[in-house]
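Note that the numbering runs from 1 along the sequence shown for the chain. No hydrogens, no waters, no symmetry mates; every other heavy atom, side chains included, goes into these values.
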Amino acid sequence: MIYRRKTYVVASSFVEEFNALFNDILLPTQLKYGARLIGRWHTLIDDETSEIFAMWEYDTLEQYEEIEKNIKSDNEHVIRVQERFDQIGRNRYKEVFRKDIKQEFFESTVDREKTILKTSYN
């Protein structure tokens with residue numbers, strides 16, 4: 001198994017809209033193609049800035065790459081994302097994203113059977 005952490009640093013005023021984008025559009029398509037979400041969390045950095053990160057599980061790096069390829073070639077998904085970006089305002093993204101999106105891959109140092117993940121996706 002491999003794990004992916006994707007981290008966003010955004011304006012705190014954007015958190016609610018960003019969570020709606022994730023839950024309404026991004027997550028359903030990820031799940032449709034086999035991505036497995038472990039969880040997604042939010043923390044305040046200060047009054048104006050928040051960090052949001054998600055942890056995902058994949059069997060292999062190749063599986064992750066295949067899922068991403070499928071998502072990017074799903075025209076209905078791409079249209080939904082573009083429409084939401086237009087609703088939010090494309091110029092606004094430059095204001096609300098405070099840093100580049102960070103993505104990291106990990107391997108567990110603990111046997112999966114010794115974690116709460118042991119009951120998932122079997």
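The side chain to side chain donor-acceptor pair (under 3.5 Å) test applied to Asp46 returns Thr49, not counting sequence neighbours. Remark: Tyr58 pairs with Tyr64 by the ring-ring contact (aromatic ring centres under 6.0 Å, His included) rule, at least two apart or across chains. Applying the ring-ring contact (aromatic ring centres under 6.0 Å, His included) criterion to Phe18, with sequence neighbours excluded, gives Tyr8, Phe14, Phe97. With sequence neighbours excluded, no residue satisfies side chain to side chain donor-acceptor pair (under 3.5 Å) with Glu16. With sequence neighbours excluded, no residue forms a ring-ring contact (aromatic ring centres under 6.0 Å, His included) with Tyr33.
His42 and Ser50 get closest at one heavy-atom pair: NE2-OG, 3.1 Å. For the residue pair Ile67 and Ala35, the shortest heavy atom distance occurs at CD1-N, 3.5 Å.
Within the model, atoms NZ of Lys102 and CD of Glu104 stand 4.0 Å from one another, a figure rounded to the nearest 0.5 Å. Here the OG-CD distance, from Ser12 to Glu51, works out to 11.5 Å after rounding to the nearest 0.5 Å. In this structure, the separation between CD1 on Ile116 and CD1 on Ile38 is 8.5 Å, given to the nearest 0.5 Å. Distance check, rounded to the nearest 0.5 Å: OG1 of Thr7 to CD1 of Ile101 gives 10.0 Å. Of the inter-residue distances, the one linking Asn70 atom CG with Gln30 atom CD reads 10.5 Å to the nearest 0.5 angstrom.
Seen from the ring of Phe22, Arg40 counts as a face-on cation partner, given the 6.0 Å and 45° thresholds.
Considering only heavy atoms from C-beta on, Thr60 stays 4.5 Å or farther from Ile2 through its side chain. Using a 4.5 Å heavy-atom threshold, the side chains of Arg84 and Arg80 count as separate. Looking at Arg92 and Glu17, their side chains come closer than 4.5 Å, going by heavy atoms from C-beta outward. The shortest side-chain heavy-atom distance between Glu68 and Ile71 falls under the 4.5 Å cut-off.
Residues Gln103 and Arg5 have side chains that never bring a donor and an acceptor to within less than 3.5 angstrom of each other.
Placement of Leu117 and Met1 within a single hydrophobic cluster is found when ILVMFWY residues are connected by side-chain heavy-atom separations under 4.5 Å, directly or transitively.
Here Val9 sits in one hydrophobic cluster together with Ile45; the rule is ILVMFWY side chains under 4.5 Å apart, joined directly or through other members.
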